[in-house]
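A quick write-up on the structure given underneath.
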There are 2 protein chains.
Amino acid sequence: MKRTKKERQRLLTETIEDNPFVTDEQLASQFGVSVQTIRLDRMELSIPELRERIKGVAAQNYENEVKSLPLDEVIGEIIDIELDQRALSIFDVKEEHVFQRNGIARGHHLFAQANSLAVAVINDELALTVKSNVVFVKPVKAGDRVITKATVRGKNSEKNRTYIEVVSTVNNETVFKGEFEMYHTKGSGDNHEASN
Amino acid sequence: MKRTKKERQRLLTETIEDNPFVTDEQLASQFGVSVQTIRLDRMELSIPELRERIKGVAAQNYENEVKSLPLDEVIGEIIDIELDQRALSIFDVKEEHVFQRNGIARGHHLFAQANSLAVAVINDELALTVKSNVVFVKPVKAGDRVITKATVRGKNSEKNRTYIEVVSTVNNETVFKGEFEMYHTKGSGDNHEASN
DNA sequence: CTGGTATTAGTACCAAGTGCTAAAAAAACT
DNA sequence: AGTTTTTTTAGCACTTGGTACTAATACCAG
């Protein structure tokens, strides 16, 4: 199993990336070297110790959490909102959002951004999507910053519906547009159950 | 600042929930009690120590990560597929897919399942969604198993389009349906760029 | 054989704890 | 007030998963 130092370090990096929860001891036995060697390797590669790694992962998660909870679980980041009028969000397309094959964003991410923005713009405890028509106008690639704007186009108070138009652009070019019909529970704080 | 033990423990729980990265020492000075008291409190409330808390947060994150990667390929699990004809997938709705407020699944997850099934059923290297009309017929809750069926309804070879109908059911009741117009690159391995 | 790199060993020390015992202090009865 | 109970504090040994540092080997090349 013994290979060069370089090879071991390559594998080490990989292993830790793969599972940041592994201890030096486990790594040592896995590579058939001493714990000290692993430590030296980590130093050279400037890989932090287990706890720091875990803390890092946790901190990331935590940031995401505090970012997504107050925003009521929105895909993308809301940068401007006028309830019952319009809302704006940005969403940075990353590698994980695209087809590996061609680097084009998967449709459901754009839909998700639009849909959650439509939910957010509604001035109510909760809103559900009833219907939507969407058009994927132009492919979106990794690295693109998608700016999505939701505009309330109409309301039907009797039916508790709001009609929203959503347009997403990248560099001022429309990449996605859609209409959303949303159901909501009218009065804020109203505990009305969604129509079952 | 001194209140009863109960009150302190209530606040303690809150504080830790709010920021799991806080040490006993910090808590002690914050509440003006000794570290030991904090430890006792944690025992009684069965709140784990800092490192375990952090590990927990990190593990969650990690799960999400490894969950969202395959989640990138296809949302839901494909259980049957006849290329260019039909496909069937199941998707178990979990807590993380619903609005906390009312336990109803967020629309984009259902859309994602439908959309990725539409992509999958197409017998081509790649397919992109051009348009879709969807209807959220009935709320879906955590714990529901959504069975989604995609059926190819038509093709337009000149325009490289395929029209797909998708219906999702829970316990044989329709919860979602949609039509998807898909663009694809006909020949397999064709490196044709999507209309730019 | 002599250098230089690589590896291993060993020690002291740290953070943030657990587990346990014991003693004070405060609160609650009777 | 006197006693019992609860709550709080203190102290010590021990644990994990390390860091920092020193020193000894091992190995490989010229």
Side-chain angles (χ1 to χ4, degrees), chain A residues 1-70, chain B residues 1-69 95:
Chain A
M1 276 295 161
K2 289 221 165 161
R3 271 279 54 79
T4 68
K5 183 180 172 181
K6 227 162 213 151
E7 174 68 358
R8 186 190 57 234
Q9 294 195 340
R10 203 184 54 71
L11 277 160
L12 189 80
T13 314
E14 226 173 76
T15 307
I16 290 178
E17 228 155 76
D18 201 70
N19 170 18
F21 297 83
V22 68
T23 66
D24 285 2
E25 204 152 349
Q26 293 174 302
L27 289 162
S29 84
Q30 184 180 324
F31 291 108
V33 296
S34 72
V35 173
Q36 282 80 353
T37 302
I38 297 293
R39 310 249 222 246
L40 278 177
D41 283 349
R42 275 200 300 97
M43 309 256 155
E44 284 179 29
L45 301 163
S46 50
I47 295 170
E49 64 163 294
L50 170 67
R51 283 134 168 174
E52 292 308 311
R53 291 191 311 257
I54 290 183
K55 212 184 287 178
V57 180
Q60 264 187 7
N61 190 7
Y62 202 66
E63 265 177 45
N64 287 346
E65 225 165 88
V66 285
K67 204 176 280 172
S68 75
L69 277 182
Chain B
M1 276 296 159
K2 289 219 165 160
R3 273 274 57 76
T4 67
K5 182 180 173 183
K6 225 157 217 159
E7 174 68 358
R8 187 189 57 234
Q9 294 196 339
R10 204 183 53 70
L11 277 159
L12 188 82
T13 314
E14 226 172 76
T15 307
I16 291 178
E17 228 155 75
D18 202 70
N19 171 17
F21 298 82
V22 67
T23 67
D24 286 0
E25 205 152 349
Q26 291 175 303
L27 290 163
S29 83
Q30 184 178 325
F31 291 109
V33 295
S34 72
V35 174
Q36 282 80 355
T37 302
I38 297 293
R39 310 247 223 247
L40 277 178
D41 284 350
R42 277 201 297 97
M43 307 255 157
E44 284 178 29
L45 300 163
S46 49
I47 296 171
E49 63 164 294
L50 171 67
R51 282 136 167 171
E52 291 308 311
R53 291 192 308 259
I54 291 182
K55 211 184 288 179
V57 180
Q60 263 188 10
N61 190 8
Y62 202 66
E63 266 178 44
N64 285 347
E65 229 166 86
V66 283
K67 206 177 279 170
S68 81
L69 274 181
E95 283 306 324

* Only one of A/K5, A/R39, A/R8 forms a salt bridge (charged side-chain N to carboxylate O under 4.0 Å, His left out) with A/E44, so which one is it? -> A/K5
* Asked: Any sub-3.5 Å donor-acceptor pair from A/R53's side-chain atoms to A/V22's backbone N or O?
  -> yes
* Can you tell me the distance, in whole Å, between the CG atom of A/L40 and the P atom of C/dA9? => 13 Å
* Between C/dA27 (C1') and B/K6 (NZ): distance, integer Å -> 14 Å
* Asked: How long is the line joining CD of B/E52 and P of D/dT15, in whole Å?
  -> 17 Å
* When rounded to the nearest 0.5 angstrom, what is the spacing between CD1 in B/I16 and CG in B/D24? -> 7.5 Å
* Structure fact -> From NZ of B/K5 across to P of D/dT9 the rounded distance in Å is 11 Å
* To do: Look at A/T37 and C/dT8 and indicate whether a side-chain polar atom (N or O) is within less than 4.0 Å of OP1 or OP2.
  => yes
* Structure fact -> Nearest heavy-atom approach of B/D41 to B/Q9 is OD1-NE2, 2.8 Å
* **Short side-chain to backbone donor-acceptor contact, A/S29 and A/Q26, under 3.5 Å** => yes
* Rounded distance (Å) that lies between atom P of C/dA16 and atom CD1 of B/I38 -> 15 Å
* Looking only at heavy atoms, which two atoms of A/E25 and A/V35 are closest? And how far apart? -> CA-CG2, 4.1 Å
* Asked: Given atom CD1 of B/I54 and atom P of C/dG17, what is their separation to the nearest angstrom?
  -> 9 Å
* Treat primed atoms plus P, OP1 and OP2 as sugar-phosphate and everything else as base, then score nucleotides 18-30 of chain D 5' to 3': B for base contact with protein heavy atoms under 4.0 Å, S for sugar-phosphate contact only, - for none. => BB-----------
